[in-house]
2 protein chains.
Amino acid sequence: MTTKTDNWLGAMADHVLEHGLNTASLRPLAKAAGTSDRMLIYHFGNKDGVIAALLTHLAQRFTDALDANSTATVATHADLVADVIAFQRRPEMAGFLRVWFDIVAASAHGQSPHIRTGQQIIAGFVDWIAARLPKDDPTPHKTAKSLLTVIEGMAVMDALGQSDLADAALATLLLPGENHHSR
Amino acid sequence: MTTKTDNWLGAMADHVLEHGLNTASLRPLAKAAGTSDRMLIYHFGNKDGVIAALLTHLAQRFTDALDANSTATVATHADLVADVIAFQRRPEMAGFLRVWFDIVAASAHGQSPHIRTGQQIIAGFVDWIAARLPKDDPTPHKTAKSLLTVIEGMAVMDALGQSDLADAALATLLLPGENHHSR
DNA sequence: CCGCAAATGTAGCGACCGCTACAAGGAGAA
DNA sequence: TTCTCCTTGTAGCGGTCGCTACATTTGCGG
């Protein structure tokens, strides 16, 4: 059964996806959940408890969104990365991207719950990518990590309104033909 | 000559590099600058003016830090990226990284001054990389954009405490030998 | 010196923050 | 019913926020 606090978390997550995580405060969160700040403190202990619960809920939501978009395996690394980027650029994913960079920024400031959630999301993302890699990859997990790093870099460029720069990276890095210098 | 507000900006930038940009408020900023919130509002109009001035100052500082670290050209893309990452991982750059992700997060939320500053920093960074590329690169600017995208992805992984993941990406993406699937 | 405008200090406003004291429901056990 | 404990509403505390009204000082041109 879904508990009352679970319902709250769903509504609060919607609010956070719309308005941001790091600027969220108790009274607006409570209003979005149809309750009061008094109750949030009562059931989660303090604001940190609310944020921690929200973070795990959001991580679960992101994993679910990935699985719901579970495409078949693709032929090339470039195709896979292009698919993921196209997925991230869908309008309904904009909220996730906003919250994602809120998490990354908080992690850069050393906030432990955010770091843990970020690692959790990364781990799920790596698995999801590895499962969709061409079957002949001898080290799919390692390949997935590399591709995800590129994807994150492209997401940064997208956030800065530099999607063209992200696309250039995709073309240069992952398409055969032009290649790298040896020593 | 350096104006009074310039001195303020330097001190406020120090404060922001230490304590974060998005959580900065007027009174602590003023204290760091040796003045009062009253004066910040008087000389910059409002808080947005203070932040905007701080953003351009910080962008200039980052560019200066890059130029001060102006190494010679390197032999391979992997070497160049590895150098940049080693540079970003130096302890004295930690504040910049924190502020950088504050800027990225704010950009993801659509805050125009942050987006503009982010683009400015990216542009300077691309130029800096392009100038250090092996001389035989036919399209150094384009190559620099791709490498910077990887660097940003690695920086995200670093912020999340996943430096090993970043290193794996560097090894797989930019080292010759193992390579990519064709269609 | 005077006059005046720029610069600065002091004090505080109204709003929001996280959180808490206190009392009142509300449901189940005796 | 009555007792008890979990839950909830009301009200407000002390603090910080961005910002402003008002008075005072400072420095410069005449």
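Labels below follow one simple rule: chain letters A, B, ... track the order of the sequence lines, proteins then strands, and each chain is numbered from 1. These values consider heavy atoms only, across backbone and side chains, with no hydrogens, waters or symmetry-generated copies.
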Salt bridge (charged side-chain N to carboxylate O under 4.0 Å, His left out): pairs with one or both residues in [range], sequence neighbours excluded:
range: residues 50-69 of chain B; answer: B/D14-B/R61
range: residues 105-114 of chain A; answer: none
range: residues 39-48 of chain A; answer: none

For B/A52, check side-chain contact (heavy atoms from CB on, under 4.5 Å) against everything at least two apart and list the hits.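 With sequence neighbours excluded, B/A52 shows a side-chain contact (heavy atoms from CB on, under 4.5 Å) to no residue whatsoever.
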Which residues pass the side-chain contact (heavy atoms from CB on, under 4.5 Å) test with B/T139, not counting sequence neighbours?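 Expected list: B/D137, B/K142, B/T143.
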Which whole-number value in Å describes the distance from [X] [atom1] to [N] [atom2]?
X: B/L40; N: C/dT8; atom1: CG; atom2: C1'; value: 12 Å
X: B/K31; N: C/dT8; atom1: NZ; atom2: P; value: 20 Å
X: B/Y42; N: C/dA5; atom1: OH; atom2: P; value: 12 Å
X: A/L29; N: C/dC16; atom1: CG; atom2: P; value: 15 Å

When you check the phosphate oxygens OP1 and OP2 of D/dT8, does a side-chain N or O of A/K4 lie under 4.0 Å from one of them?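 Yes, A/K4 has a side-chain N/O under 4.0 Å of OP1/OP2 on D/dT8.
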Should B/S36 be listed as having a side-chain N or O under 4.0 Å from OP1 or OP2 of C/dG9?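 Yes.
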Under 3.5 Å, which N/O atoms of the protein pair with N/O atoms of nucleotides 19-22 of chain C?
residue, atom, partner, partner atom, Å
C/dC19, OP2, A/K47, N, 2.6
C/dC19, N4, A/D37, OD2, 2.8
C/dA21, N6, A/R38, NE, 3.3

Checking B/M12 against B/L40 for the side-chain contact (heavy atoms from CB on, under 4.5 Å) test, could you report, in this order, the C-alpha distance in whole Å, the side-chain angles of both residues, the deciding distance, and whether it holds? CA-CA 11 Å; B/M12 289 192 291; B/L40 294 183; 3.9 Å; yes
Can you tell me which residue pairs pass the ring pair (Phe, Tyr, Trp, His ring centres under 6.0 Å) test with a partner in residues 23-56 of chain B, sequence neighbours excluded?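 For residues 23-56 of chain B: B/W8-B/H43.
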Can you run down the ring pair (Phe, Tyr, Trp, His ring centres under 6.0 Å) pairs that involve residues 120-158 of chain A, sequence neighbours left out, and say none if there aren't any?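 Non-adjacent pairs meeting ring pair (Phe, Tyr, Trp, His ring centres under 6.0 Å): A/F62-A/F125.
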When the C1' atoms of the five terminal pairs at each end define the local axes, what inter-axis angle does the helix from C/dC1-D/dG30 to C/dA30-D/dT1 show, to 10 degrees?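 Rounded value for the end-axis angle: 10°.
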With a cut-off of 3.5 Å and sequence neighbours excluded, list every side-chain donor-acceptor pair involving residues 25-36 of chain B.
residue, atom, partner, partner atom, Å
B/S36, OG, B/M39, N, 3.4

Show me the donor-acceptor pairs within less than 3.5 Å that the side chains of residues 150-171 of chain A make with the rest of the protein, sequence neighbours left out.
residue, atom, partner, partner atom, Å
A/E152, OE1, A/W100, NE1, 2.9
A/D158, OD1, A/R89, NH2, 2.9
A/D158, OD1, A/S163, OG, 2.9
A/D158, OD2, A/R89, NE, 2.7
A/D158, OD2, A/R89, NH2, 3.4
A/D167, OD1, A/R89, NH1, 3.3
A/D167, OD1, A/R89, NH2, 3.3

Stretch residues 101-116 of chain A: residues that reach within less than 4.0 Å of DNA chain C through a heavy atom: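 Those residues whose heavy atoms fall under 4.0 Å from DNA chain C, taken from residues 101-116 of chain A, amount to none.
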